[in-house]
Number of protein chains: 2
Amino acid sequence: MQKSALYKGCLEPIILQLLKDNGRMYGYQITQKARELTRGHLDITEGALYPLLHRLEEAGILETEIESAGNRMRKYYSLTKAGKKQSVQSFQELQSFIDHLSLIFQPKTA
Amino acid sequence: MQKSALYKGCLEPIILQLLKDNGRMYGYQITQKARELTRGHLDITEGALYPLLHRLEEAGILETEIESAGNRMRKYYSLTKAGKKQSVQSFQELQSFIDHLSLIFQPKTA
DNA sequence: CAGGATACCTAAGATAATTAGGTATCCTGT
DNA sequence: ACAGGATACCTAATTATCTTAGGTATCCTG
């Protein structure tokens, strides 16, 4: 995906939703899960993902635990209490945004 | 709207769709029609609209006719042949993008 | 032991909007 | 008569968000 600029602005709600559904995840895992759920259509680039995760942690939306798998580190992210609220809200925003779009693209059913 | 960054990248398909449905429109009219169809939720800013219209004309997607209503000019935009193709394609892209999003946000129904 | 997958990261550039202006006409109310 | 809101066009500076293109390092398979 990402050929289209449509993707812009959707990354944050996507991440919050994945963390809501899966409890806690590390960065690389998030990219794999998104790819899996969309059968390869959604490719989250690491250059977008990591800076966003850091911003969300900074903002108190996410919290981290670092663990090691063998000799390799994994930084697990999960929703804070504020993050859970945020994930609900961002889902609602996305839902309502899509509803409004459909008023443009399917005016008959309006 | 536009509090959310979701809107980014959607303006072009929206404009193409409105022109497809309404034949020909001038800039200000596009903003009003979008507002009307979404009952006030979609506010297309002129700073985004006009430069985009110019780019689409430059690209041969849109063509213009200037008319005057009283002493005031109106620049009407309509889809070229290439523009009609483009409007179909951009609709399909939007549709498929939303389908993929729904795989993230409603994984049960996948 | 090369190469792909796993796992983290950042910086420079591109893209696409917002914000905040500018110009000018038309119409309504006081 | 004229202030102010709607109509109608436009652009430039800034901001937000992503892509591209790197960098480091471990693990596993052929």
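By convention in this document, chain letters (A, B, ...) are assigned in the order of the sequence lines, proteins followed by strands, and residues within each chain are numbered from 1.
Ion pairing of Glu63(A) with Lys81(A) is absent here, as no side-chain N (NZ or NE/NH1/NH2) approaches a carboxylate O to less than 4.0 Å. The pair Arg24(B)-Glu65(B) meets the salt-bridge criterion, since a charged nitrogen lies less than 4.0 angstrom from a carboxylate oxygen. Checked for salt-bridge contact, Arg55(B) and Glu58(B) miss the test: no charged N lies under 4.0 Å from a carboxylate O.
Of the possible donor and acceptor atoms, one in the side chain of Thr80(B) sits under 3.5 Å from a partner among the backbone N and O of Gly60(B). In this structure a side-chain-to-backbone donor-acceptor pair under 3.5 Å is missing from Thr64(B) to Lys75(B). Within the 3.5 Å criterion, the main-chain N or O of Gly23(B) finds no donor-acceptor partner in the side chain of Ser78(B). Checked by atom type and distance alone, the side chain of Ser68(A) never pairs as donor or acceptor with a backbone atom of Asn71(A) at under 3.5 Å. In terms of modelled atom types and a separation under 3.5 Å, the side chain of Thr38(A) and the main chain of Leu42(A) share a donor-acceptor contact.
Once rounded to the nearest 0.5 Å, the distance linking CG of Leu103(B) with CD1 of Ile98(B) reads 12.5 Å. Atom NE2 in His100(A) sits 11.5 Å away from atom CG in Leu37(B) (nearest 0.5 Å).
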If you restrict it to nitrogen or oxygen atoms, what contacts under 3.5 Å exist between nucleotides 28-30 of chain D and the protein, and what is each distance?
none

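Residue Thr45(A) places at least one side-chain N or O closer than 4.0 Å to OP1 or OP2 of dT19(D).
Two residues, Arg55(A) and Asn71(A), neighbour DNA chain D, and the one matched to the more 5' nucleotide by heavy-atom proximity is Arg55(A).
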Nucleic acid footprint by protein, nucleotides 6-14 of chain D - heavy-atom cut-off 4.0 Å, B for base, S for sugar-phosphate alone: BBSBBB---
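We find that CD1 of Ile44(A) is positioned 10 Å from P of dT19(D), with the value rounded to whole Å. One can place CZ of Phe97(A) at 12 Å from C1' of dA17(C), the figure rounded to the nearest angstrom. A straight line from NZ of Lys8(B) to C1' of dA16(C) spans 5 Å, rounded to a whole angstrom. Between Leu42(A) atom CG and dT19(D) atom C1' the separation is 14 Å, expressed in whole Å. In this structure, CG of Leu49(B) is placed 16 Å from P of dT19(C), rounded to the nearest angstrom.
Leu52(B) comes within contact range of no nucleotide atom at all, as no heavy-atom separation falls under 4.0 Å.
In this pair, Tyr26(B) and Tyr76(B) present their aromatic rings perpendicular. The plane angle is above 60°, beyond the 30 to 60° band.
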Which dot-bracket notation, 5' to 3', represents the base pairing of DNA chain D when pairs are defined as Watson-Crick or G-U with both distances under 3.5 Å, crossing pairs as [ ], and inter-strand pairs as |? ||||||||||||||||||||||||||||||
